[in-house]
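The model shown is predicted, which means the values in this text are computed figures rather than measured ones.
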Amino acid sequence: MGKRSGERSRGPKCIAIVGPFASGKTTLLEAILERTGAIMKQASTGSGTVGDHSAEARAHQMSVEANIATTGFLDESITFVDCPGSIEFAHEADPVLAAADMAIVVTEPDEKKIAALQLTLHRLDELGIPRMIFLNKIEHATMGVRDMLKMLQPTSDTPLLLRQIPLRKDGIVIGSIDLALERAYIYREHASSEIAPISDDDRAREVEARFSMLETLADHDDRLMEQLLEEIEPPRDAIFDDLAADLREGTVTPVLIGSAEKGNGILRLLKAIRHDSPDVEATRDRLGLKDAGEAVLQVMKTIHTPHGGKLSVSRVLCGSVGDGTELRNGNTVDRVSGLYTLLGREQTKVAKAEAGETAALGKLEGVRTGDTLTTAKAPLAPLIALESPQAVYSVAVHPSERKDEAKLSLALQKLIEEDPSLGLEQRQETGETVLCGQGEMHLRVTRERLEGKYQIPVDTAVPSVAYRETIRKGTTRRGRHKKQSGGHGQFGDVVLDIRPLPRGAGFEFTDTIAGGVVPKQYIPSVETGVRDFLKSGPLGFPVIDLAVNLADGSYHSVDSSDMAFQLAGRLAMKEGLGECSPVLLEPVLRIEVYTPSDATARITAILSQRRGQILGFDARPGWSGWDVVQATIPASETGDLIIELRSATAGVASYRATFDHMAELTGRLADAAMNAQGKAA
């Protein structure tokens, strides 16, 4: 015991701050920066002098992007990255976590946040990221801290290890007792706590809680287990070594308490980070990276600044990088133009960044978030594979003024570089530019950036649904195009057999021409005319699932042409399809909704109210207290579905959807669709 962690890890660190929405992450970052002297005074809650980097974040009183701040504590440099807590912006954390040494999970003693906390901890488990929990807003706790841990433990795959217990006076939290140091601290607002004696009543609580902590540590230390059984007091240094080792190995999740808003518990948290956090060497090991002497960097975030151009915020995992360094990204090479450390919106130019440091690299135009960069001559395989979450909300977007079309396209490209979870679709059928994202707020913020940062007013609308139409019965129809206009005329004559095909069969064109009544060279022209007409059928939508056979026709040796037979084919289809009982088809999706189990009944009700067919639900594999609801649902019912699902689940539901089939749509709903998008429009 006492040798498991070896010497304290030294050197620059990178710490991600994560946790549920509104748990106080940004407030904690500013409290840390105030305590370390990086800023003069912590902002009032929500005003965001450093943490809420953008105008959009300040307007909505929530973090909407990862924000970076490098500060010093005692003799070490630490970069903190404050990651958004809303599920709509949670994707910002993945590239950060990949290169971070550790995560501080900020949560509060509120059972309503349990599902959101589980989302965070489950992602950390998937990535293998060591973590501490900072139990924030401890002054608002309505239950004992160990009862809180019992409430929170189901969210974590590793044991929650309580390192501090609160001191109370008249029911109010006035300080904490550090269980490793066996020392009491009285909180002072925005100042260092005062050491205080531990009363007899508090001593009994401390002894019980400390023994519970040591029992958990002893699960991974045989010597400590022997000492506890023999009632021998273990050396304090050995306890600290065990705390650090178990954190780094991911076998426990230490829990510290405090109040970010009041600046309480911040110093103890910083000391725990400095002593216990893994360093860049451990992060390299986790990523499977060997230090071969060349510089290796992992890009955590992309920022397009108004005046300084593009910045690629990167963690230096090996070697060093300086202004002018050439970095290889796959088969391309970019030269660094400017190197900076960040403190929120402030940039400080530096000459070099060493292993472990986090820096913003200027004007690496070909570099994207998640890329792995190196000074080696040979390409380096990417250390991580970033997968953008499937979009769950979309809007059609176009500039308010036509002259801004080119500017809008360029601005959207930059926004997608900054936020890879955004998607863009150009729908030729409707002429719409559709912006896709993770929720209504996600796309609202994107629009605000277009209008604020890039000065491009835009209009948005609900995207068109990909309706189709088909036929219920067949017919035979002649189409004759004849026109005499002096000189060569135009003549094409065809007889088409039209019949329906099974759903999903698509389109089939054949011919049974005999005796050359339609010359072979004109048969493809007939098919071209037919296909052209099928782009918009009698109801105003593309026509699918039908077969057309060219059965007969005639031609003129002088006046027939490709164009004449195309027009004849179109004419036969125009006159024939109306007799084939055309019917509207709507796309139906197969959907899987991920929800806390206590909301499953509400979710199934929501889907049913939107014409969904519930296929069943099951426990979500690997997620205690979660279900997966399976259903089919018309695509037209999913436009704002995610808003209602999240409203029913305290903001944590998500879903994945894939196309399943086309289904007939009749009656009032069909009339409404045609009035909005079809011939009636």
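- Here the side chains of V18 and V96 are not in contact, with every heavy-atom distance at 4.5 Å or above.
- Listed here is the closest heavy atom pair of E357 and E354: OE1-N, 2.6 Å.
- Of the possible polar contacts, none joining the T325 side chain to the V321 backbone as a donor-acceptor pair under 3.5 Å is found.
- Distance check: Q153 CD to I114 CD1 gives 11.5 Å after rounding to the nearest 0.5 Å.
- To the nearest 0.5 Å, the span separating NZ on K262 from CG on N136 amounts to 11.5 Å.
- T302 and T369 are linked by a side-chain donor-acceptor pair at a separation below 3.5 angstrom, with hydrogens and angles left out of the test.
- When atom types are taken as modelled, the side chain of D242 and the backbone of L217 share no donor-acceptor pair closer than 3.5 angstrom.
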Side chain to side chain donor-acceptor pair (under 3.5 Å) evaluation trace for D627 with T595: CA-CA 5 Å; D627 286 337; T595 174; over 6 Å; no

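- Note that the OG1 atom of T107 and the CG atom of L135 stand 7.0 Å from one another [nearest 0.5 Å].
- Of the possible polar contacts, none joining the D246 side chain to the E249 backbone as a donor-acceptor pair under 3.5 Å is found.
- In this structure, the side chains of V652 and Y594 stay at 4.5 Å or more apart for every pair of heavy atoms.
- No donor-acceptor pair closer than 3.5 Å links the side chain of S63 to the backbone N or O of E65.
- In this structure, V392 and Y655 have side chains that are in contact, with non-hydrogen atoms separated by less than 4.5 Å.
- Separation of atoms OG1 (T36) and CG (L33) is listed at 5.0 Å; rounding is to 0.5 Å.
- Although no hydrogens or angles enter the test, the distance criterion places no donor-acceptor pair under 3.5 Å between the side chain of S320 and the main chain of A353.
- Smallest separation of non-hydrogen atoms from T358 and T341: O-CG2, 4.4 Å.
- The two atoms that bring E417 and E365 nearest to each other are OE1-O, 4.4 Å, heavy atoms only.
- No donor-acceptor pair under 3.5 Å is formed between the side chain of R210 and the backbone N or O of E182.
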Chi angles and distances behind the side-chain contact (heavy atoms from CB on, under 4.5 Å) call for L342, N67: CA-CA 9 Å; L342 300 180; N67 294 297; over 6 Å; no

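- Nearest approach of P84 to K25, heavy atoms of both residues: C-CE, 4.0 Å.
- The distance from atom NZ of K137 to atom NZ of K113, rounded to the nearest 0.5 Å, is 5.5 Å.
- R284 places a side-chain N or O within 3.5 Å of a backbone atom of L317 that can act as its donor or acceptor partner.
- Residues I257 and I165 approach most closely at CD1-C, 3.7 Å, considering heavy atoms.
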Chi angles and distances behind the side-chain contact (heavy atoms from CB on, under 4.5 Å) call for M62, F89: CA-CA 10 Å; M62 64 184 291; F89 302 96; 3.8 Å; yes

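- Between E126 and R123 there is a salt bridge, since a side-chain N of the basic residue sits under 4.0 Å from a carboxylate O of the acidic one.
- Side-chain atoms of L152 and E111, non-hydrogen and from C-beta on, never get closer than 4.5 Å to each other.
- At distances below 3.5 Å, at least one donor-acceptor pair connects side-chain atoms of T446 with backbone N or O atoms of H442.
- In this structure, the side chains of D276 and R163 come closer than 4.5 Å at one or more pairs of heavy atoms.
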Evaluation steps, side chain to side chain donor-acceptor pair (under 3.5 Å), between D101 and S277: CA-CA 7 Å; D101 299 320; S277 170; 5.0 Å; no

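- Side-chain atoms of M132 and L256, non-hydrogen and from C-beta on, do get closer than 4.5 Å to each other.
- Between K301 and the choices L311, D419, I68, the side-chain contact (heavy atoms from CB on, under 4.5 Å) rule is met once, by I68.
- Contact of the I15 side chain with the V81 side chain is not registered, since no non-hydrogen atoms from C-beta on lie closer than 4.5 Å.
- Counting non-hydrogen atoms of other residues, nucleotides and ligands closer than 6.0 Å to CZ of R656 gives a total of 12 or fewer.
- Side-chain contact between L162 and V145 is present, with heavy atoms from C-beta onward closer than 4.5 Å.
- T216 places a side-chain N or O within donor-acceptor distance of the main-chain N or O of S212, the cut-off being under 3.5 Å.
- One side chain, T375 or E294, offers a donor N or O that lies under 3.5 Å from an acceptor on the other.
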Test side-chain contact (heavy atoms from CB on, under 4.5 Å) applied to L119 and I87, step by step: CA-CA 9 Å; L119 288 177; I87 192 172; 4.0 Å; yes

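- A distance of 11.0 Å separates CD1 of I104 from CZ of R131, quoted to the nearest 0.5 Å.
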I78/T70 under side-chain contact (heavy atoms from CB on, under 4.5 Å): CA gap, chis, key distance, verdict: CA-CA 6 Å; I78 307 176; T70 298; over 6 Å; no

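- Using modelled atom types, no side-chain atom of Q347 and backbone atom of Y340 make a donor-acceptor pair closer than 3.5 Å.
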Derivation of the side chain to side chain donor-acceptor pair (under 3.5 Å) call for D157 and H122: CA-CA 8 Å; D157 288 345; H122 197 276; 5.5 Å; no

R268 and D178: CA distance, side-chain angles, deciding distance, salt bridge (charged side-chain N to carboxylate O under 4.0 Å, His left out) verdict: CA-CA 9 Å; R268 299 311 309 163; D178 188 296; 3.6 Å; yes

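- Listed here is the closest heavy atom pair of V299 and S312: CG1-CB, 4.2 Å.
- Side-chain N/O atoms of Q298 and T372 include a donor and acceptor closer than 3.5 Å.
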